[in-house]
Structure formats: C-alpha cells, structure tokens
Amino acid sequence: MDESTAEHPTTFADLGLRSELVDALASLGYEEPTPIQAAAIPVLIAGSDLLGQAATGTGKTAAFALPILQRLEAGARGPEPIALILVPTRELAMQVSEALHRYGRGLGVRVVPVYGGQPISRQLRSLEAGADVIVATPGRAIDHLKRRTLRLDGLEVVVLDEADEMLDMGFAEDLEAIFAETPASRQTVLFSATLPKRIDAIARQHLRDPERIRIVAEVQSDEANQRVRHSAYLVQRSHKAAALGRILDVESPAAALVFCRTREAVDSLTETMNGRGYRSEALHGGMTQDQRDRVMGRLRAGTADLLVATDVAARGLDIDHLTHVINYDVPSSVDTYVHRMGRVGRAGRDGVAITLAEPREHRMLKTIEHVTKQKISMEKIPTVADLRARRLDLTRAALRESILGEDLDGYRVVVESLAEEFDLMEIALAAVRQAHSALGGTEDSEDIPEATISAPARDAGRNVGRDSGRDGDRDPRPGRAKRATTTSSAGSARLFVNLGREAGLRPQDLVGAITGETSLSGKDIGSIEISGRFSLVDVPEGAADEVISALRNTKIRGRRATVRRERF
Ligand code: AMP
C-alpha cells in the first residue's frame, strides 16, 4: 500500500467553515487543512476551549483565525472587538493581522494590531474607528487597558498564541491582568509549542474543560529510515531559491521531489528554478489528469530533473529513481514529514531528505527530530568555494570518463601542434578550462548569508517600544508567493528551447531561426531570455505550434534543439 493513502483527506468545507472562507483559502492555493487545522477548527467552531500543542509552521494561525472569522456576521458590527489574540512579538502581531486580512478578505474584517514600537496615537485612532479583532502584545494591551482605550467587555474569544514564549518573555503577570478584564463567558484558546507546568497552570485556571490537541505522529522507525540521510539548512526566506539551487548543485540528484505548501508556491518556485537553469516541472491539485500524466512522462523520460509539488498532488506518485526529497518549507506536521520522506529510501536504495527551514521554524525541526527519533543534521549552505570545488570534481570525472572510454585520436593533431609552442601542462589546463565552462552552470559570486536562531528578548518592562522582535527575518507577508516576472503576456505562448549561453546561443540566433523558418517577422517575437542551459522565447499563441515544429526541424547554431511550450 502506498503510505500516502494512510492520510485522511478532509476539505476546509468539511470542517464547517463558511463558503466565503473556503473560497478565500482556495484562492490562496491552500489545498487541504493541515492536521492541526483539521483537528482544531471543528472544536473551535463548536465553541469549546482549546489547548493546542503546535509550533510555528504547523498552520496554527489559520487554525484559530478561521473560527474567529466564522463568527463575524456580514454588515454592521459594533465598535468593540469580539476577539483578542495575544502574541509575544511585534512581528508575530503583524503576521497574524495579515493572516486575518487574507483569510477574511470577503468579510470586511477590521483587525487592529497593537504592539510596542509603533506610536500609540495611530493605534488609538484605529481603535476608536472600531475593531472586530485585536492582535496585541501583552505589554501594549495593558497600556491601552489602563488608558481605557481598549475595552474587552464584548469579547467572545481570547487566544494566547505561542504562550510558552510569552511566559519566557516575562508576560505572565500581564496575561493575568488582561484575563481579569475579559468576560467569563469567553472562549479561550491556548497554543503553545511546549507544555511546561506553567502553561498547564494557566490552562487549569483560565480554560474551561478544554479539548487538548496534540498532533502525534505514528512513526515506524523501519529499515527504510536507516537508508535515508536527513539534513536541514537554516535559510532566510529571501535566499531560499538560491539556497535550493546551491544544494541541488552539490547534491546532483538523479531526480528530486520538492514540496511546497501552496499551488502558488509550486508555480512560482518552478518558474524560478527554470529561470536558474534547472529543468523543473510543477505538479499541483489544480492540474488535469492529462497535464499530470505529461509531467510524469517528462520526469520518467529524464527531460525534467525536478518535480515541484504540493502534498495533495504528490499523493500516490511513485517515482522509482527518486533520490532526493526536499521540503522547501518545514512540513506542517511530523506525519507530513514522514510521508514525504517515505518516498526515498525505498527498495533498499539510499535516499536524501532535505529541509529548508527559516530561523523561526527551527522548533518544528526539533519536534520532528524528537518524534521520529531521527537525527536531522544541520548543514551549512554550500559556499561559492564549495560549489567551485564540486564543479571541478564533476569536470574531472567527465574528463576521466572521456579518457577511459573515448577514442581521442582525432584530437592528437591539435595537441601535437600546440605542443610545439606550449608545454603539455599548459595545453591540458586550457582544455580543462574549456571543458569546465562547457559543463558548468552559471557561477555565483556571492555567498548566501548564514541564518541563525536569535534568542527571544526577555524584557518584562512595560514601556512603549519594548516589544522587541524575536526574529527580524519574518516575511511580513507569509504565504504570499511572489510571482516571478517571467510570465508570458496574454495572447502569447512561452517556448522553451534547450539551448542557451553555453551552446553559444544569442537572441539574434533565435530571432533568425524563427523568422527564417516561419511566417513570423521580428516584431511578432516577444521577450527572449537566454540562460546558461536553455532559453525562453515568447511568440504569438496562434503561431506557437508552427514555431515549435519549424524549430524542431532546423538547426540553431549547428545543433538540433528541443522546443516545447514552457507552460501548459
Ligand atoms: P503558521 O504555522 O500558522 O505560522 O503557518 C505556516 C505557514 O503555512 C504560513 O505561511 C501559512 O500561510 C501556511 N499555511 C497555513 N495553512 C495552510 C494550508 N492548509 N495549506 C497550505 N499552507 C498553509
């Protein structure tokens, strides 16, 4: 049995969410609830209190945000908030507010983030205008309560997010003072990555008969596990694609499966990696069976090296030559990690499981290690020097193969004539250099900065501006995949040509080949991008098939090219 069938697919609609919310999630590319969402949302919609053990990266924000949004009726609402979400840091306050806006797009939700470091006057104005949800750091919430600029009488829900962090930061007293201002009838939700005694004490005092949710993994530490090397890299979000490229260069996988969380992330990463010269294909739930089959065909035929997929789309896939599974984000549960990683190390083969984690997600990595009892070794992103050494290794291997396996006599005359002028070492060096640049990809000249985990600020003072950010690298717009600018414009088709700079291809060669062999003229041809190993060219949609067949039947710079549509 494929291990993926062990999962129980549930949809957001199954959880009882309103259609506006389900639609908003679909438009964000969320294909299914994460385990914490599937477990927590029905409980919260039913009105129970909840004690959830979940770290950042599990999707816990949506787990508590969606049931709050579910409570908001369309139309006129009172000036006072119905929900208060307490978070340890300014960054998290901004992130949670943005998540509420994204999920509650169709509802006109009024969210006011309240944190230190921002002029209090601006927050006062927003609070006066009326708010549905307040997302606050405890210190600043207390400031507003004292000024009577925040009233909590109408609260229906209080959420403590990352409660263990808030306690570590010395907010225990502030939390008590805030609870004292809230109605006893409220629903109380507590999320914490760890459940030390102090959290338990808060839960006993402030939560009423709470549901306890902890996502426990069923892990079989089987033989396959032993054959898989697990490693992780800490990298800031903005450097992830570059880091992935470096890692792929050093690892040289025969075939790799890269997991992303959303459809948008899959599309965007596929484009980015193609732009960087890796032959990548996207696979997600929005594609038809026919499109999926074509992608799989290309992977099997070896015309693609990288499959970028969502969990849903990758279910049931069986790719036997898969050597690497890569988590482009930390998976949202240990189970997900285990299922993804189960795709390598099959049938006695060795495999590699790689995870890219942002510094804020390091706790989830620890949880995965702990539950799976599988050491994940933290690696350093390959440096420019590492890459150079690796590329030289590949060149040496290629030359060795050529010396052992090929009849090189035809080249003897070149060496002999050069030997009259230079010594053999010099000739060899020049030949190696040529071979190296013909084989290698683009050379990166800059190292990717190392990401580190910064310690939480432990400042229990109550002054304005003291809510210090814990990890300044949080992306202010989580989950928003940036679209690369390379999408072809409407009415045109983007074609992929498997020749690039390394084959000496220049834009004018493509223009020449297209205008020479088809009915198109130069002005019909759109943007042209030449990368190391391939090129992309935009042509009018109506002429795409003609261009493809014409280019396939001709030679460009003396070589026969593979030409296909870049996207379907
Ligand atoms: P969190 O653990 O709440 O910080 O969420 C981690 C990331 O997962 C965020 O970037 C969310 O946008 C994303 N996310 C949350 N739920 C889902 C889901 N059901 N499918 C895909 N991505 C999700």
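Counting convention: from 1, in listed order, for ligands and their atoms alike.
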Take every heavy atom of Gln95, measure it against each atom of ligand 1, and state whether any distance is under 4.0 Å.
->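 Judged by the 4.0 Å heavy-atom criterion, Gln95 does not count as contacting ligand 1.
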Which heavy-atom pair separates Ile36 from Gln53 by the least distance, and what is that distance?
->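 Smallest interatomic distance, heavy atoms only, reads CD1-O, 4.2 Å.
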Minimum heavy-atom distance Met273-Leu248, with the two atoms named =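 Shortest heavy-atom contact: CE-CD1, 3.9 Å.
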Checking the N or O distance criterion of under 3.5 Å, is ligand 1 in contact with [X]?
{"X": "Arg261", "answer": "yes"}
{"X": "Thr58", "answer": "yes"}
{"X": "Tyr30", "answer": "yes"}

Could you walk me through whether Gln95 and Ser97 pass the side-chain hydrogen bond (donor to acceptor under 3.5 Å, both in side chains) test, one step at a time?
-> CA-CA 5 Å; Gln95 232 177 61; Ser97 304; over 6 Å; no
Proximal candidate to atom 5 (O) of ligand 1 [heavy atom criterion; set Gly59, Pro331, Ala63, Ala265] =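 Residue with the shortest heavy-atom distance to the ligand atom: Gly59.
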Step-by-step salt bridge (Lys or Arg N to Asp or Glu O under 4.0 Å) determination, Lys375 to Glu369 | CA-CA 6 Å; Lys375 175 98 188 97; Glu369 260 192 334; 3.4 Å; yes
Below 4.0 angstrom from a heavy atom of Thr61, which ligand 1 atoms are there? Numbered from 1 as shown, please.
->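 Ligand 1 atoms under the 4.0 Å threshold to Thr61: 1 (P), 3 (O), 4 (O).
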Pull out every atom of ligand 1 sitting under 4.0 Å from any heavy atom of Glu32, numbered as shown with elements.
->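 Close to Glu32: 18 (C), 19 (N), 20 (N).
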Phe12 and ligand 1 - part of the residue with a heavy-atom distance under 4.0 Å =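 Side chain only; the backbone of Phe12 stays clear of ligand 1.
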Take Ser231 and Glu379 through the side-chain hydrogen bond (donor to acceptor under 3.5 Å, both in side chains) test and state the conclusion after the steps.
-> CA-CA 7 Å; Ser231 51; Glu379 309 279 344; 4.5 Å; no
Anything under 30° is parallel, anything over 60° is perpendicular, the rest tilted; go ahead and classify His206 against Phe179.
->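 Ring orientation of His206 relative to Phe179: parallel.
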